[in-house]
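Notes follow the structure.
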Protein chains: 2
Amino acid sequence: MYVTLSAEPMSFHTPSVIQPPCTQSKPLVQRQFKSGAYLYHEGDDATNLYEVVSGVLRLTRVLENGKRQVIAFGLPGDIVGFPNGTRHHTDCDVLSSAEIVIYKRRVFEAGESDPETHQRLLRAALREISAMQDHVMMLARKSAMEKIASFLLVLSQRTGAPIGNYATFSLPMSRADIADFLGLTIETVSRTFTILRKSKTIALGTPQTVLVLDLDALIDASQADT
Amino acid sequence: MYVTLSAEPMSFHTPSVIQPPCTQSKPLVQRQFKSGAYLYHEGDDATNLYEVVSGVLRLTRVLENGKRQVIAFGLPGDIVGFPNGTRHHTDCDVLSSAEIVIYKRRVFEAGESDPETHQRLLRAALREISAMQDHVMMLARKSAMEKIASFLLVLSQRTGAPIGNYATFSLPMSRADIADFLGLTIETVSRTFTILRKSKTIALGTPQTVLVLDLDALIDASQADT
DNA sequence: CGGAGGATTGAGCCTCCTCAAGTGCAGTGG
DNA sequence: CCACTGCACTTGAGGAGGCTCAATCCTCCG
């Protein structure tokens, strides 16, 4: 499942730590991808699906005018690469070096050979529909602050590590990627980070390293004016 | 597939006229639903999938604060009701009386009994992922005018009927539904309709009946400032 | 005729975008 | 070692698009 930022704090779907992707004895293809590598491009014939074990992926689409739009980020536990028809409809590249489990598409589509994996991939596809719907709701209705806070919350939940009473995590994507994903501009993203810093809700070690100082405040900021 | 309003004019996916849903000899369950009826609610156990033959469905989700958000509209040719896990994650009700073909969920999930329908439903699920991604891109980056024009274009393409040189179609959903779907307010939707009327791009018979007077102008209005 | 609900229109404001300048850091080369 | 350059991020000023609040219109229906 992708980062989706639903209003209700998101549960950890198929976290690889708890439920490792390899549960049967069959050999699984797992590969290491370096930052900047592409898993596939838009229009490529889709032969594989990809499960993120570690690292972060970026799914983008190129618009008519050549600009790139970030559709989703692939975090550990996500399965990406579901095609439309036989072809990929996004680009997918690696933001921070990733371990990826590769599944054959036909296992997903037919599955006679491996019903267990087939079911697993099917559920991932359905989760993705739900996730995209969550994302749609956020884009349609949330303010800049609510979007940023929601985004940080999900990253914190899914990739954060505790440090004392706080949680810390890294932002492998640029401000431009965040802005693209949330339907904002770079400047608004940056300003919103500044507001959160000044209110002592978060702290930034580097611009790519976030420390959550006040989780309750972040949750408040992520929710609509209810 | 749902109404998605991608930038490139959308092709007609599985139009029921050309490729009727019933291609095999097995008996298919087809039912009539009246306006206002619910196909399912959020949280319901998902036993079926639904293919729209005629009419229009509305898929919504209820937020914490009780407000309703329109996720998608189901037009003829769409297949709706893909669950997340075993449960529906949206409400689905009927905006204009609809003929619906009902599929059993287990045919979609397993499909040993009916590989052909299984494949058909699987493709629909994948199309839906793609469609939601298109919708995300629109919500994130398009102006009010671009959203409305794109929305009208899709409805015109998918449900329009020619009248002389023009195309006409009905809007079974309220302004509030349109606003919700596009991430706008009722007032902005109404004002944008007015602009399109005054520029002779469209005409409104009733507020629910659209006549496309200048298709090229509508296409122009639907595209970003490229 | 009167009321209700949806749609339209208007005025004012606010959030976020645009444009522009400034800052900090990493890499490069003198 | 230090200037130079490039890039990402931050900050500021100003403006515009869309929202809010409110009034009005239209149509349907009792």
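Keep in mind the model is a prediction, meaning the values are calculated, not measured. Below, chain A is the first sequence line, B the second, and so on; all start at residue 1. Side-chain atoms are counted along with the backbone in the values below, which use heavy atoms only and exclude waters and symmetry mates.
Residue B:Leu184 contributes atom CG, which lies 15 Å from atom P of C:dA7 at whole-angstrom precision. What separates CG of B:Asp177 from C1' of C:dA7 is a distance of 14 Å, to the nearest Å. For the pair B:Leu204 CG and D:dT27 P, the interatomic distance rounds to 12 Å; values are reported in whole Å. In this structure, B:Ile195 places its CD1 atom 12 Å from P of C:dT8, rounding to the nearest Å. Atom pair B:Ile186:CD1 and D:dG18:P shows a separation of 17 Å (rounding to whole Å applied). To the nearest angstrom, P of D:dC19 lies 14 Å from CD of A:Glu146. Between B:Ile178 atom CD1 and D:dG18 atom C1' the separation is 17 Å, expressed in whole Å. When the P atom of C:dT8 is taken as reference, atom CD1 of B:Ile148 falls 11 Å away, rounded to whole Å.
Centroid-to-centroid, the aromatic rings of A:Phe181 and A:His135 come within less than 6.0 Å. Aromatic rings of B:Tyr50 and B:Tyr103 (six-membered ring for Trp) have centroids beyond the 6.0 Å cut-off, not under it.
Look at A:Gln208 and you'll find a side-chain N or O under 4.0 angstrom from OP1 or OP2 of D:dC9. OP1 and OP2 of D:dG18 both lie 4.0 Å or more from every side-chain N or O belonging to B:Thr188. A sub-4.0 Å separation between OP1 or OP2 of D:dT11 and a side-chain N or O of A:Thr194 is present. Residue B:Arg197 places at least one side-chain N or O closer than 4.0 Å to OP1 or OP2 of C:dT9. The side chain of B:Ser143 places no N or O atom within less than 4.0 Å of a non-bridging phosphate oxygen (OP1 or OP2) of D:dG17.
Applying the 3.5 Å distance criterion, the base of C:dG10 shares a donor-acceptor pair with the side chain of B:Arg191. In the interface, the side chain of B:Arg175 is not paired with the base of C:dG5 through any donor and acceptor atom under 3.5 Å apart. Taking 3.5 Å as the limit, the base of C:dC19 and the side chain of A:Glu187 contain a donor-acceptor pair of atoms between them.
Each of C:dT8, D:dT11, C:dT18 was ranked by its minimum atom distance to the side chain of A:Thr185; first place goes to C:dT18.
At the heavy-atom level, A:Ser174 lies under 4.0 Å from the strands shown only through sugar-phosphate atoms.
Proximity of a side-chain donor or acceptor of B:Arg105 to a complementary backbone N or O of B:Thr47 within less than 3.5 Å is not detected.
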Run the side-chain contact (heavy atoms from CB on, under 4.5 Å) test on B:Ile178 and B:Ile148 for me, step by step, so that the C-alpha distance in whole Å, both residues' side-chain angles and the decisive distance to 0.1 Å come before the verdict. CA-CA 8 Å; B:Ile178 298 173; B:Ile148 295 286; 4.2 Å; yes
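A cation-pi geometry, defined here as NZ or CZ lying under 6.0 Å from the six-membered ring centre and within 45° of its normal, does not hold between A:Arg158 and A:Phe73.
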